[in-house]
2 protein chains.
Amino acid sequence: MPFPKDHPFRIRPGQRVDLDTFPTADEALFPVSKKEGEDLFKKLAKRIDELQTRLYAEGKHRLLVVLQAMDTGGKDGTIRKVFDMMDPQGIRVASFKRPSAVELAHDYLWRVHREVPGNGEVVIFNRSHYEDIVAVRVREIFPKAVWSRRYRHIVEFERLLAEEGTTILKIFLHISKDEQKERLQSRLDETDKHWKFNPGDLDDRALWPKFMEAYGEVFAETSTDHAPWFVVPADRKWYRDLAIADLLVKTLDALGMEYPQVEFDPKSLKIE
Amino acid sequence: MPFPKDHPFRIRPGQRVDLDTFPTADEALFPVSKKEGEDLFKKLAKRIDELQTRLYAEGKHRLLVVLQAMDTGGKDGTIRKVFDMMDPQGIRVASFKRPSAVELAHDYLWRVHREVPGNGEVVIFNRSHYEDIVAVRVREIFPKAVWSRRYRHIVEFERLLAEEGTTILKIFLHISKDEQKERLQSRLDETDKHWKFNPGDLDDRALWPKFMEAYGEVFAETSTDHAPWFVVPADRKWYRDLAIADLLVKTLDALGMEYPQVEFDPKSLKIE
């Protein structure tokens with residue numbers, strides 16, 4: 001498995017995570033200043049660019065990055081910042097919003113499976129099948145009998161993907177409730193951010209403890225050797241970006257990718 | 001579960017099936033003449049039509065019929081005969097041929113998942129994900145380590161579908177090697193059937209014992225309570241059609257479908 005084993009943010013299989021005490025701002029990974037962090041990020045960004053080019057050229061591995069977070073947690077920002085340096089040709093973002101009628105007419109993994117990466121591809125899930133446990137549970141859309149059996153569906157679905165050649169990196173961007181308050185307030189205060197404000201976010205905010213409990217259980221049930229969860233402290237955006245870039249580099253590096261061998265002898269070819 | 005429990009052709013979970021001794025022509029289900037059988041078929045066909053209309057109207061259940069067989073086993077004929085009376089609006093056939101480059105760039109269940117039925121829909125798989133075990137194994141496309149772990153993938157994939165509301169009926173059309181010889185010969189003898197002849201079929205025919213062994217193991221490993229296999233004696237076409245029509249009626253009947261209630265009081269509406 002290509003994932004860093006002893007990473008401070010990696011959840012072990014079965015590990016109960018109490019998100020109330022799990023840091024949303026720490027220095028565990030990079031005890032550096034913001035300025036130093038940003039310089040370091042630039043180096044990692046360059047490395048990500050190289051590694052993704054190799055992934056695309058080799059056309060052998062597939063990388064799936066699952067991003068989950070509470071509202072304002074930084075999913076959009078992470079995608080814009082950390083994945084921006086990748087070649088658009090080899091990267092795709094799949095956003096899973098409220099399911100359409102056609103989607104609801106199928107099992108919940110149907111629309112998800114359609115979007116998984118092919119060879120040489122990087123796909124980022126902006127929200128994911130985990131909403132079909134967490135949101136469904138907290139908003140009481142279906143009873144426990146329905147959402148609880150989904151742990152197994154998802155673990156086995158991800159096993160299929162992994163055993164058939166997909167590397168799955170699941171990242172939870174962990175912010176504090178206070179940080180969310182500030183970010184929501186800024187969406188209300190700044191006209192340019194109004195479009196990002198959704199009154200429904202306040203309903204979810206009122207359910208914060210239930211969401212933390214649901215996510216904690218999700219991590220325990222679905223952080224596996226083949227598709228581990230990483231809970232990234234995300235109150236400080238530069239630190240969050242740095243941590244994710246670092247995780248990406250380590251994961252891609254471990255794939256040991258090579259540029260493909262050509263099947264002809266380049267020396268024997270003559271351009272006339 | 002809507003499937004007939006004590007059906008003579010149903011494979012129990014873990015049951016080892018020796019296809020060499022399993023009947024390809026019998027009278028277990030309908031000890032009748034061909035003429036009587038055809039009359040009976042007409043009655044069942046009418047019932048299938050009614051039940052499928054209800055399935056479509058209710059828009060609640062999904063029916064997936066998986067058809068597997070050796071070449072000339074009768075998949076196309078079954079589809080034309082047994083499913084022809086259903087409304088094209090609510091039925092779809094998905095044929096899984098040699099995978100395309102895009103399909104090969106994904107896990108083998110990716111293209112399969114895209115084709116599963118939605119609410120109110122009947123989908124027939126003409127060949128299926130089972131080729132990714134059987135053909136892959138017999139033709140030695142991948143080693144055992146790859147195909148053997150697919151039993152679990154598939155059992156769990158089908159569990160997902162079943163638990164989320166799809167009824168899965170898996171049917172193997174079982175013909176004898178002699179019957180195949182006759183059918184292949186007729187494809188060679190009749191100009192109108194030439195297009196159905198594929199020289200590669202002879203390669204598979206030479207591997208007949210390996211195919212029977214591989215299918216036998218597939219039935220033992222993947223005939224589950226949520227997605228059972230039925231091995232239908234298929235040397236006699238009218239008997240095969242009758243047996244499958246009967247299976248369809250019993251399966252659909254057991255769903256207890258109702259026409260949906262409208263959400264308005266029809267009496268209060270006035271057309272002006």
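So you know, we letter chains A, B, ... as the sequences are listed, proteins then strands, and number each from 1. When reading the values below, keep in mind they use all heavy atoms of this one structure, side chains included, and skip hydrogens, waters and symmetry mates.
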Is the count of non-hydrogen atoms from other residues, nucleotides or ligands lying under 6.0 Å from Y151(B) atom OH greater than 12?
yes
Heavy-atom distance under 4.5 Å between the side chains of D107(A) and T166(B), does that happen here?
no
Residues 112-129 of chain B: residues contacting chain A (heavy atom under 4.5 Å, by number):
H113(B), R114(B), E115(B), V116(B), P117(B), G118(B), N119(B)
With side chains defined as the heavy atoms from C-beta onward, is the minimum distance between R149(B) and R159(A) less than 4.5 Å?
no
Could you measure the distance from the CG atom of L160(A) to the CG atom of L160(B)? Nearest 0.5 Å is fine.
11.0 Å
Minimum heavy-atom distance R152(A)-E156(B), with the two atoms named:
NH2-OE2, 2.8 Å
Would you mind checking which part of R111(A) comes under 4.5 Å of any heavy atom in chain B, side chain (CB onward), backbone (N, CA, C, O), both or neither?
neither
Using a cut-off of 6.0 Å, state whether more than 12 heavy atoms not belonging to E140(B) lie near its atom CD.
no
Check for a donor-acceptor pair, side chain of R62(A) on one end and backbone N or O of A105(B) on the other, with a separation under 3.5 Å.
yes
What do you reckon, is CZ of F96(B) surrounded by more than 12 foreign heavy atoms closer than 6.0 Å?
yes
Taking CD in E50(A) as the centre, count heavy atoms belonging to other residues, nucleotides or ligands within less than 6.0 Å. Is the count above 12?
yes
Should we say atom CZ of R92(A) is surrounded by more than 12 heavy atoms from elsewhere, each under 6.0 Å from it?
yes
Cut-off 4.5 Å, heavy atoms of chain B, and the answer for L104(A) is backbone
Is any side-chain heavy atom of E163(B) closer than 4.5 Å to one of R150(A)?
no
